[in-house]
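Notes follow the structure.
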Amino acid sequence: MIEQLNKAFDSRVRLGIMAVLVVNEWVDHARLKELLGVTDGNLASHLAALEVIGYVQVRKRFIGKRPNTSYKTTVAGGRAFRQHLDAIEKLIPRKDV
Amino acid sequence: MTSNDRMNDLAHIRGLMDRSTRFLSLSGLSGVIAGVAAIIGAYLARPHYLALFWDDRIRRSSLAPSPIGSDHWEEHLGFLLIDGAIVLLVAISGALWFTWRRGRRTGQGIWDASARRLVVNTAVPLIVGGFFCLALFHYRLPGLVPAATLIFYGLALFHASKFTLDEIRWLGLSELVLGLVALIRLDAALLIWTIGFGVLHIFYGALMYYRYERGPAEGDLP
């Protein structure tokens, strides 16, 4: 059953990013940082990793004169995250859930 | 990883999903202060409201001369509008103050994306309702105003409950039921309004306060 756990979600930050993105449309960098309470660099590296494996899509645009980067899960990312959650739930003894 | 770590992961995920979509810092005390303001406001409004209502009813049914004369209409209406505006102002200031105080403790900002979503979704039906009630006064139908305020407010809350604490849904439904009753029992409309905006606010506010805000640990946020 262990193999169903997705290596991509080993990090708590990545789990957090996916958790926020699956229930929201386009979330920007600042908002993710505020919700997760992590540094810019840390967040950026985890987001980049999720983007490389195709779980997250990125949109860069300008709001007024300020650049704004937002993120959203891809279909594959959303599916992978849900499978990962199911796998975690199966590993937990029933009585605790 | 132990199963405890996994439990923590799940709690963490669930907390983030909730916090990123719903505004959870809404303080129950804001409901209590709004309720108290509404009861005082309704008490002061009562003689003026009844004057308008009976004036209106007598003129309509029998075309008899109004007992108070139509030149008093504007005085009474003016009092009601000012009274209502003050109650609204006290309620909004109270909500902002208590929610700001609570937001500081839970660490959720008072003006983040979830707060904006809550405010926009509540404000649209409420503003429309406000204009609707002004029109009711304009057409001299004051008896329908308590029902209209309850119904528009109930719809706003029912709709906004998706973006905040679950109790708001029940508060919204209760206001809607009272609004419909106030349509039928025009004679008791102000009393029903006082129950809706006063008693229910205090009841649900206190309920939310005891559920989420008491105790040293903020149990709702992992």
Side-chain angles (χ1 to χ4, degrees), chain A residues 1-38 43 46-47 50 55-56 63 68 70-73 77-78 80-97, chain B residues 1-27 96 99-122 124 159-166 168-169 212 217-222:
Chain A
M1 219 184 271
I2 290 285
E3 55 271 22
Q4 283 179 310
L5 285 177
N6 196 327
K7 277 264 181 270
F9 301 131
D10 266 355
S11 130
R12 199 156 230 247
V13 178
R14 283 184 219 168
L15 270 184
I17 292 170
M18 293 305 286
V20 173
L21 293 185
V22 290
V23 288
N24 288 281
E25 282 270 293
W26 295 111
V27 180
D28 69 11
H29 195 93
R31 172 82 175 140
L32 275 176
K33 192 180 147 192
E34 172 194 330
L35 283 166
L36 298 169
V38 291
L43 181 60
H46 285 297
L47 280 166
L50 288 170
Y55 284 179
V56 160
I63 293 180
N68 175 279
S70 304
Y71 305 88
K72 186 184 168 182
T73 53
F81 182 67
R82 266 185 291 277
Q83 281 168 358
H84 182 75
L85 285 189
D86 289 344
I88 294 182
E89 267 173 358
K90 279 183 199 140
L91 287 172
I92 293 171
R94 212 70 306 249
K95 64 177 169 62
D96 296 342
V97 177
Chain B
M1 263 204 198
T2 67
S3 89
N4 226 351
D5 287 334
R6 301 198 195 290
M7 289 284 289
N8 285 339
D9 276 354
L10 279 186
H12 177 64
I13 289 167
R14 214 169 277 148
L16 276 170
M17 284 176 163
D18 245 18
R19 232 173 335 142
S20 67
T21 49
R22 290 173 179 232
F23 185 70
L24 300 175
S25 305
L26 189 66
S27 169
L96 287 178
T99 299
W100 172 76
R101 224 182 51 157
R102 177 157 156 69
R104 255 187 346 182
R105 294 209 312 171
T106 59
Q108 187 179 29
I110 187 178
W111 195 235
D112 62 5
S114 61
R116 282 196 291 275
R117 194 156 31 183
L118 174 63
V119 168
V120 169
N121 280 283
T122 321
V124 171
H159 173 61
S161 65
K162 291 197 287 291
F163 310 109
T164 185
L165 301 171
D166 288 335
I168 297 299
R169 189 177 184 80
Y212 304 113
E218 290 292 338
D220 50 328
L221 296 180

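Numbered from 1 within each chain, the chains take letters A, B, ... in sequence-line order.
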_Is A/Val27 in contact with chain B via its backbone, its side chain, both, or neither, using a 4.5 Å heavy-atom distance?_
neither
*asked:* Please find the pair of heavy atoms, one from A/Val22 and one from B/Met17, that lie closest to each other, and give the distance.
replied: CG2-CE, 3.5 Å
_Separation of A/Leu36 CG from B/Ser20 OG (nearest 0.5 Å)_ = 9.0 Å
*CZ on B/Arg117 to CG on A/Asn24, rounded to 0.5 Å*: 5.5 Å
_Heavy-atom side-chain proximity of A/Leu85 to B/Leu10 below 4.5 angstrom_ = yes
*Measure the spacing between CD1 of B/Ile13 and CZ of A/Phe81 and express it to the nearest 0.5 Å.*
4.5 Å
*asked:* Tell me the closest heavy-atom pair linking A/Glu89 and B/Arg14, and the distance in Å.
replied: OE2-NH2, 4.3 Å
_If I compare all heavy atoms of B/Leu16 with all of A/Gly16, which pair ends up nearest, and what's the gap?_
CD1-CA, 3.3 Å
*Please examine the side chains of B/Asn8 and A/Arg12, heavy atoms only from C-beta on, and report whether any two atoms are closer than 4.5 Å.*
yes
